[in-house]
Number of protein chains: 2
Amino acid sequence: MKKASLKDIANLLNMSKTTVSFVLNGKGDQMKISKSTQEKVMEAAKRLNYQPNQLARSLSSGKTNTIGLVIPNIGDIFYAEIARAMEKKAHKQGYNIMYCSSEEDPKREAQLINMLKARQVDGLIIAPTKLDKTEILHLKKENYPFVLIDRHFPKLDTNFVITDNKVGMHKAVDFLIKKGYKKIAFICVQNYLEVIRQRFEGYKSALRDNGIRFSNKLVKEIDYFTLEQDIHEKLYDMLSSNREIEALVFATNFLCTAGLAALKKIGLNIPKDIAVATFDDRALFQLMNPGISAVAQPTQLIGEKALEVLLDEINSEDKNPQKQKITLEPNFIIRDSQ
Amino acid sequence: MKKASLKDIANLLNMSKTTVSFVLNGKGDQMKISKSTQEKVMEAAKRLNYQPNQLARSLSSGKTNTIGLVIPNIGDIFYAEIARAMEKKAHKQGYNIMYCSSEEDPKREAQLINMLKARQVDGLIIAPTKLDKTEILHLKKENYPFVLIDRHFPKLDTNFVITDNKVGMHKAVDFLIKKGYKKIAFICVQNYLEVIRQRFEGYKSALRDNGIRFSNKLVKEIDYFTLEQDIHEKLYDMLSSNREIEALVFATNFLCTAGLAALKKIGLNIPKDIAVATFDDRALFQLMNPGISAVAQPTQLIGEKALEVLLDEINSEDKNPQKQKITLEPNFIIRDSQ
DNA sequence: CTGTTAGCGCTTTCAC
DNA sequence: GTGAAAGCGCTAACAG
């Protein structure tokens, strides 16, 4: 049997589509449609198993009640958690999320954004992959509602929800120092993004606040593409030429996992031989032995806030409302790695 | 500036929408539209930054080129990998995936399926949460194209792509036994699905094949909703009251991660004090120390196959084609946890 | 080669 | 209280 449409049920009941539409949209009373008519409509709808066609509805109303989410990688638990929190909240407000994973590919990201726009999503939430702003500038120019998460462009006036990378790293390093560690090395990636730069700032400021002199020798930049090997070499060199290094702070979770593997190979014991802390928490760090202390970002809050900001903008009367710039504070989770 | 529509560019060029539509859809040559006209159209489209409205297009054509994917949990890497493989393949064929996570809630699942249908997705791929078949029966009755993954209903004639759970678990347990372990406990969830039942079968058949007597005492059912706590208590009870248990086999990856955390708290060393193996692999299990041996499902294949089957059905001339039932064989990956 | 026209299924204004 | 009719933006059969 073919799917029933508004028209079908109108025909069946010898009424107009208008009436049926009103009733089905709960505007029956408001439009003063008689109880009996309303009942007939509801009954027929149920009997025909009527399901409104969202496409038609959206085309007509100009609203899809869908928001698009573009993240670099669904497989990454960090983004998965954000997505989940967002979805839950969205659902409560009658919105659906359309997730897309750009797989860290800027081209794919651009495609996805366009696909979502073509599908007329009411707004976008994006964790941009690259420093390439063109796509974002486009959205801005078109006045398309969107909010950036995780990463943002300091010079652009856009909505964003990020975590305070500097503060997070400061917390970690400060804690180590208070624990008595003084020679603390900072391990990061080469050619780093804004995010990493801020973490670096946090590292330096923690040293400064505690009266410890910063030394460039304690900073190691690792090549992302030969991660495992490079980190092993650099750590080995640094640790054997500089016996006094007491702690390692990693700028990202993947650096930490690679670094831990390297330490294991080198034969160093945590925390006996060397202390460790990292930015970005992972289930792994909790399960490991010893547990690795980590700066955890408030993923749930990020997801919820981002959605909130977006819906604010979507539902705003103001055509071009003030952009909301939200920076959340991360937590340092203390485990047994120092 | 308002978004440009087909009509806008037709008006601008003093042509009909038809012509413009044909050109923009690449049917220009086929419709023998003059080169000059085509160029004019393309140029205007570019200049106006024309982006077709998919809603309108789909409403008119009856095709959305979107397929809906309903999984129990995006946060689960198992589904994330399936989704990713599927997405990649879909993209190549010009389809988009709309992911939805039911959060293991049957009500939510039903809602999502209906939402996706309302959005006129061309087909559905579903990892059903529960044993309640009503939603699935509905789809079947309506002849809506869909394929089940991961879990299925043996008695229903539907497309599905699953892995052979029994064989997978048999491989794991058999390996442990061959390694010399005899007292092997099976840890699963309460109220389990068909999937778990099959894994349980695999466990029992491996014991049987090796002449080991099955004991109910070695089976622990954990409450999904208080996982962490419950698994800790039950493992603690079991292991302290039954010192001879030599190995733990987990029925799912989340049971295993929770179980490992519990073992760590209890203070047991793997594999010295106790051996471990699990169904479902995760990156985590490889990174950990020791690496955890695991039955790996061919997630990528599942994703690709499921999509293939679905597209077959969608594009089939036959209104009610033969259902494809695909069972893939999992691998047991040996690491250092025994 | 290009234009006219009738939908797709729904919303909503205006009229009776 | 209810209906007619104009659109939303696009496709595609048909006409010329």
Side-chain angles (χ1 to χ4, degrees), chain A residues 2-42 44-45 48-66 114-115 117-122, chain B residues 2-42 44-45 48-66 114-115 117-122:
Chain A
K2 240 192 77 223
K3 281 237 298 235
S5 75
L6 247 198
K7 199 170 155 191
D8 293 332
I9 110 164
N11 284 154
L12 181 73
L13 263 39
N14 262 316
M15 310 199 263
S16 76
K17 292 192 294 173
T18 316
T19 311
V20 179
S21 171
F22 283 148
V23 175
L24 258 20
N25 287 320
K27 296 187 188 164
D29 290 331
Q30 189 184 326
M31 291 304 176
K32 303 195 188 162
I33 289 173
S34 69
K35 278 274 164 278
S36 75
T37 308
Q38 294 207 35
E39 272 163 27
K40 271 191 260 170
V41 171
M42 296 309 278
L48 296 184
N49 190 26
Y50 171 73
Q51 289 205 293
N53 182 328
Q54 283 298 343
L55 290 182
R57 192 192 284 236
S58 297
L59 179 59
S60 177
S61 69
K63 265 215 113 200
T64 53
N65 274 280
T66 302
N114 282 312
M115 183 274 280
K117 288 202 301 189
R119 281 190 158 57
Q120 315 297 117
V121 295
D122 294 339
Chain B
K2 242 192 76 224
K3 281 239 298 238
S5 75
L6 247 198
K7 199 170 157 192
D8 293 332
I9 109 162
N11 283 153
L12 181 73
L13 263 40
N14 262 315
M15 309 200 265
S16 77
K17 292 192 295 173
T18 317
T19 311
V20 178
S21 171
F22 282 148
V23 174
L24 257 21
N25 287 321
K27 296 188 187 162
D29 289 333
Q30 189 184 323
M31 291 304 176
K32 302 195 190 160
I33 289 172
S34 71
K35 277 273 162 282
S36 74
T37 308
Q38 295 209 34
E39 273 162 25
K40 270 190 265 173
V41 171
M42 296 309 278
L48 296 184
N49 191 26
Y50 171 73
Q51 286 205 295
N53 181 328
Q54 283 297 343
L55 290 183
R57 193 192 282 234
S58 297
L59 179 59
S60 176
S61 68
K63 265 214 113 201
T64 54
N65 273 281
T66 302
N114 282 312
M115 183 275 281
K117 288 202 302 190
R119 281 191 158 56
Q120 316 297 119
V121 295
D122 294 340

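Remember, it's a predicted structure, so these values are computed and weren't measured experimentally.
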Write down the distance between [atom1] ([X]) and [atom2] ([N]), rounded to a whole number of angstrom.
X: Asp8(B); N: dC8(D); atom1: CG; atom2: P; answer: 10 Å
X: Leu6(A); N: dC8(C); atom1: CG; atom2: C1'; answer: 13 Å
X: Lys40(A); N: dG1(D); atom1: NZ; atom2: P; answer: 14 Å
X: Asn65(B); N: dT11(D); atom1: CG; atom2: P; answer: 12 Å
X: Asn53(A); N: dC8(C); atom1: CG; atom2: P; answer: 12 Å
X: Tyr50(B); N: dG9(D); atom1: OH; atom2: C1'; answer: 7 Å
X: Ile9(B); N: dC10(D); atom1: CD1; atom2: C1'; answer: 13 Å
X: Lys7(B); N: dT5(C); atom1: NZ; atom2: C1'; answer: 14 Å

Which residues pass the side-chain hydrogen bond (donor to acceptor under 3.5 Å, both in side chains) test with [X], not counting sequence neighbours?
X: Gln54(A); answer: none
X: Lys32(A); answer: none
X: Gln120(B); answer: none

Counting heavy atoms from C-beta on, name the nucleotide in dC8(C), dG9(D), dC1(C) closest to the side chain of Ser5(B). dG9(D)

Taking the minimum atom-to-atom distance to the side chain of Ile33(A), which one of dG9(C), dG1(D), dT2(C) wins? dG1(D)

The criterion is side-chain contact (heavy atoms from CB on, under 4.5 Å); which residues satisfy it with Ser60(A), sequence neighbours excluded? none

Is the phosphate of dC1(C) approached by Thr37(B) (side-chain N or O, under 4.0 Å from OP1 or OP2)? no

Below 4.0 angstrom from OP1 or OP2 of dT11(D), is there any side-chain N or O of Arg57(B)? yes

On DNA chain C, check which nucleotide each of Ser61(B) and Met15(B) is closest to and give me the residue with the more 5' one. Met15(B)

For the backbone of Lys27(B) and the side chain of Asn25(B), can you confirm whether one donor and one acceptor N or O come within less than 3.5 Å of each other? no

So what does Asp29(B) touch, heavy atoms closer than 4.0 Å: a base, only the sugar-phosphate, or nothing? nothing

Under a 4.0 Å heavy-atom cut-off, which of residues 16-27 of chain A touch DNA chain D? Ser16(A), Thr18(A), Thr19(A)

Spell out yes or no: do the side chain of Ser60(B) and the base of dG7(C) have one donor N/O and one acceptor N/O closer than 3.5 Å? yes

Using C1' atoms of five pairs at each end, report the bend of the helix from dC1(C)-dG16(D) to dC16(C)-dG1(D) rounded to 10 degrees. 50°

Table please: side-chain donor-acceptor pairs of residues 10-18 of chain B below 3.5 Å, with sequence neighbours left out.
unit_1	atom_1	unit_2	atom_2	d
Ser16(B)	OG	Thr18(B)	N	3.3
Ser16(B)	OG	Thr19(B)	N	3.3
Ser16(B)	OG	Thr19(B)	OG1	3.2

Quick one: salt bridge (charged side-chain N to carboxylate O under 4.0 Å, His left out) pairs with a partner in residues 56-66 of chain B, sequence neighbours left out? Lys63(B)-Asp122(B)

Within a strict 4.5 Å, meaning less than it, do heavy atoms of the Gln51(A) and Asn114(B) side chains meet? yes

Side chains of Gln38(A) and Asp29(A): does their closest heavy-atom pair fall under 4.5 Å? yes

With Lys117(B) via salt bridge (Lys or Arg N to Asp or Glu O under 4.0 Å) - residues at least two apart: Glu142(B)

